[in-house]
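The first residue in the sequence is number 1, and the count goes up from there. All values derive from a computational prediction rather than experimental measurement. Atoms within each ligand, like the ligands themselves, are counted from 1 in listed order.
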Amino acid sequence: MYQSDGQPCRVLDDLSCSIYANETVSVVGASGVGKTTFLHIIGTLERPTKGRILHFGQDVFSWSDQRLSWFRNQEVGFVFQFHHLLPEFTAVENVMMPCLVAREKASVARERAMALLEFLGLEQKARENVKYLSGGEQQRVALARALVRDPSLILADEPTGNLDEKSGEKVVDLIFKMKERFSATVIIVTHNLNLARRADRCIGLKGGRAWELHKERLADFVMEKAA
Ligand SMILES: Nc1ncnc2c1ncn2[C@@H]1O[C@H](COP(=O)(O)OP(=O)(O)OP(=O)(O)O)[C@@H](O)[C@H]1O
Ligand SMILES: [Mg+2]
């Protein structure tokens, strides 16, 4: 529940769903239904007013702030709708950042960041300032940054939203490739139904709730009015 102009605004309500380890789940739904909120709560960036998130049976919001930020840093990789890279830094520095925050040795962090950038086809761009990279390249740097700590859970919020079709597909291919390589659990919020269908399972958000969707029903679900 958010406060909007002093009025309570209920976004997710009576929502229940399970995500299993190592699966890929896509999340679809109309603009404003709460997809980003859903990801933020799962990733513990926001606290729900009510309800629980169980991570292997443990209620994450009962943890101390310190444990929560450790969890966020160690276990979760976020790929945001807008990539939020640091514009004054190079690609490799952006990718290293989560390692430095976790007090890893800089030389080790740099090596890992470089290896990932190479894997994502960006070795030529590693030392360039990210503000001079194209949108697709920036999104790949953001992907590398999300993965550099080897998270068990990858949360991607419309990772192709700002990209043309070709760059979008490349980013999506990379997400699936990375998932295989790192055997992580992936949750992708997307308006792109082709991408949504590539996941193991699809969840639709509507009326505050989560609905398990058949892949053939995705388009109908997105077109229907809120229940
Ligand atoms: N910090 C906030 N304070 C108040 N209301 C908020 C806040 N964040 C989101 N909302 C409201 O909650 C609702 C859900 O927002 P959310 O960003 O989760 O939607 P979304 O499904 O991700 O939409 P989109 O597809 O456009 O990205 C919207 O009505 C939004 O205005
Ligand atoms: Mg959103």
(message) Any N/O/S atom from Thr36 (main chain or side chain) under 2.8 Å of the Mg ion (ligand 2)?
(response) yes

(request) Kindly determine whether Glu93 and Arg127 satisfy salt bridge (Lys or Arg N to Asp or Glu O under 4.0 Å), including the steps that lead there. (result) CA-CA 8 Å; Glu93 286 164 349; Arg127 286 175 192 83; over 6 Å; no

(request) Sort out for me which residue in Ile19, Thr24, Val25 forms a side chain to side chain contact (heavy atoms under 4.5 Å, CB included) with Thr185. (result) Ile19

(request) Give a yes/no verdict on a cation-pi contact between Lys131 and Phe89, requiring under 6.0 Å between NZ or CZ and the six-membered ring centre and an angle within 45° of the axis. (result) no

(request) Tell me, with the steps shown, if Glu75 and Arg149 meet salt bridge (Lys or Arg N to Asp or Glu O under 4.0 Å). (result) CA-CA 8 Å; Glu75 301 283 348; Arg149 300 269 298 149; over 6 Å; no

(message) Arg52: which residues meet the side chain to side chain contact (heavy atoms under 4.5 Å, CB included) condition with it, sequence neighbours left out?
(response) Leu54, Asp59

(message) Asp173 vs Arg198, test: salt bridge (Lys or Arg N to Asp or Glu O under 4.0 Å). Steps then yes/no.
(response) CA-CA 10 Å; Asp173 285 342; Arg198 286 178 63 177; 3.0 Å; yes

(request) Anything with a heavy atom under 4.0 Å from ligand 1 counts, so go ahead and list those protein residues by chain and number. (result) Tyr2, Gln3, Val11, Ala30, Ser31, Gly32, Val33, Gly34, Lys35, Thr36, Thr37, Gln81, Glu158, His191

